[in-house]
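Here's the structure, in structure tokens; my notes come after.
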Amino acid sequence: MAKIATWNVNSVKARLPNVLDWLRAAEPDIVCLQEIKCVSDAFPRLEIEDAGYSVAVHGQKTYNGVAILARGNLEDVREDLPGMDGDEQARYLEVAVDIGGRMVRVASIYLPNGNPADSEKFTYKLGWMDRLRDHAAELLALEESVVLAGDFNVIPEDGDVYDPDGWREDALFRMEVRRRFRSILNLGYTEAYRTLHREIGRYTFWDYQGGAWQKGFGLRIDHLLLSPQATDMLEACDIDTAPRGKPKASDHTPIWCTLTP
DNA sequence: ATGCCGGGCGAAGCCCGA
């Protein structure tokens, strides 16, 4: 069994105690982190390795940055989506991990936010999604267990946001974005959480402002997308809301799945 | 109510997130 998680930590330095606590409590085998907000050399590698994890980092100064932690050796490291090699924004990292003799290919994804929706930021988001779809299609051809994990900044459906009508024109919920998200699923990927849970109103993000956490005003925007080979092993998936309620919390909370041969 | 909170940077106030 392999437990695979993703968590936008909103600065790995500010969140290090929370991250270490959660690694001990949740005991994941693979963790994809987003918004680490530091260059690769500044990542707290020793502390994470002491907790029992190998580390791959694609960092950037001040903004963005992604990492993958794994109990196992990391191979085939890729630091950018094909066609985005010149991109200065560190939003993608992909590795192959040997978990107990079984290979899983995992990507840590920090998809652009895209707001405001009438700006070049939105155009950048749509282009980024098109390249992610193309690469996701290439990964399917490998016929491996693949997990695309991360902060997609996509609200898939009305039940994934506390006020769907209020968010209709937001870059996280616009139809252009939801269509592209579905086009990735339609290649043959399975969204782990929604496949196992039908209830609405389960979220992975609550804004720091306006008491959103206390009021339950959240969004489900962090996702685990599984190739058919991974989906065949999908046993459980859930959102761990505990980290969001702790002091010095990230505004996102982890979501995880277990794959059992 | 797009800046109510929180982080980075850098040492006050601005940029950014979703």
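We name chains A, B, ... by the order of the sequence lines, and we start the count at 1 in each one.
Listed by first then second residue, pairs satisfying side chain to side chain donor-acceptor pair (under 3.5 Å) with a partner in residues 154-172 of chain A read A:Asn115-A:Asp170, A:Asp158-A:Arg168, A:Asp160-A:Arg194, A:Asp160-A:Arg220, A:Tyr162-A:Trp167, A:Asp165-A:Arg168, not counting sequence neighbours.
At a threshold of 4.0 angstrom between heavy atoms, the contacts of A:Asp151 are confined to the sugar-phosphate backbone, with no base atom among them. Residue A:Phe217 is classed as having no contact, given no heavy-atom separation below 4.0 Å to the nucleic acid. When heavy atoms are screened at a 4.0 angstrom cut-off, A:Lys125 is found touching no nucleic acid atom at all. At a threshold of 4.0 angstrom between heavy atoms, the contacts of A:Asn8 are confined to the sugar-phosphate backbone, with no base atom among them.
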Sequence-aligned protein contact record of nucleotides 8-15 of chain B, with B where the base is within under 4.0 Å of a protein heavy atom and S where only the sugar-phosphate is: SS-----B
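The phosphate of B:dG7 (OP1 or OP2) has a side-chain N or O of A:Arg15 nearer than 4.0 angstrom.
One can place CG of A:Asp118 at 13 Å from C1' of B:dT2, the figure rounded to the nearest angstrom. Summarising the geometry, the separation between CG on A:Asp207 and C1' on B:dA1 is reported as 12 Å, rounded to the nearest angstrom.
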Show every donor-acceptor pair shorter than 3.5 Å between a side-chain atom in residues 175-185 of chain A and any protein atom, with sequence neighbours excluded, or say none if there are none.
residue  : atom : partner  : partner atom : Å
A:Glu176 : OE1  : A:Arg174 : NE           : 3.2
A:Glu176 : OE2  : A:Arg174 : NH2          : 2.8
A:Arg178 : NE   : A:Pro156 : O            : 3.2
A:Arg180 : NE   : A:Asp130 : OD1          : 3.0
A:Arg180 : NH1  : A:Glu176 : O            : 3.1
A:Ser183 : OG   : A:Arg180 : O            : 2.7

Please tabulate, one pair per line, all N/O donor-acceptor pairs under 3.5 Å involving side-chain atoms of residues 204-219 of chain A, not counting sequence neighbours.
residue  : atom : partner  : partner atom : Å
A:Thr204 : OG1  : A:Ile221 : N            : 3.2
A:Thr204 : OG1  : A:Asp222 : N            : 3.2
A:Thr204 : OG1  : A:Asp222 : OD1          : 2.6
A:Asp207 : OD1  : A:Gln209 : N            : 2.7
A:Asp207 : OD1  : A:Gln209 : NE2          : 3.4
A:Tyr208 : OH   : A:Asn10  : ND2          : 3.1
A:Tyr208 : OH   : A:Ala249 : O            : 2.9
A:Tyr208 : OH   : A:Asp251 : N            : 3.2
A:Lys215 : NZ   : A:Gly210 : O            : 3.1

Give every donor-acceptor pair under 3.5 Å between a side-chain atom in residues 72-84 of chain A and any protein atom, sequence neighbours left out.
residue : atom : partner  : partner atom : Å
A:Asp76 : OD2  : A:Arg105 : NH1          : 3.4
A:Asp76 : OD2  : A:Arg105 : NH2          : 3.3
A:Arg78 : NH1  : A:Asp80  : O            : 2.9

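For A:Phe173, there are no ring pair (Phe, Tyr, Trp, His ring centres under 6.0 Å) partners two or more places apart in sequence or in a different chain. Evaluation of the salt bridge (Lys or Arg N to Asp or Glu O under 4.0 Å) rule for A:Asp134 yields no partner, not counting sequence neighbours. In this structure, the ring pair (Phe, Tyr, Trp, His ring centres under 6.0 Å) partners of A:Tyr193, at least two apart in sequence or on a different chain, are A:His197.
Near DNA chain B, meaning a heavy atom under 4.0 Å away, the residues from residues 245-255 of chain A are A:Lys248, A:His252.
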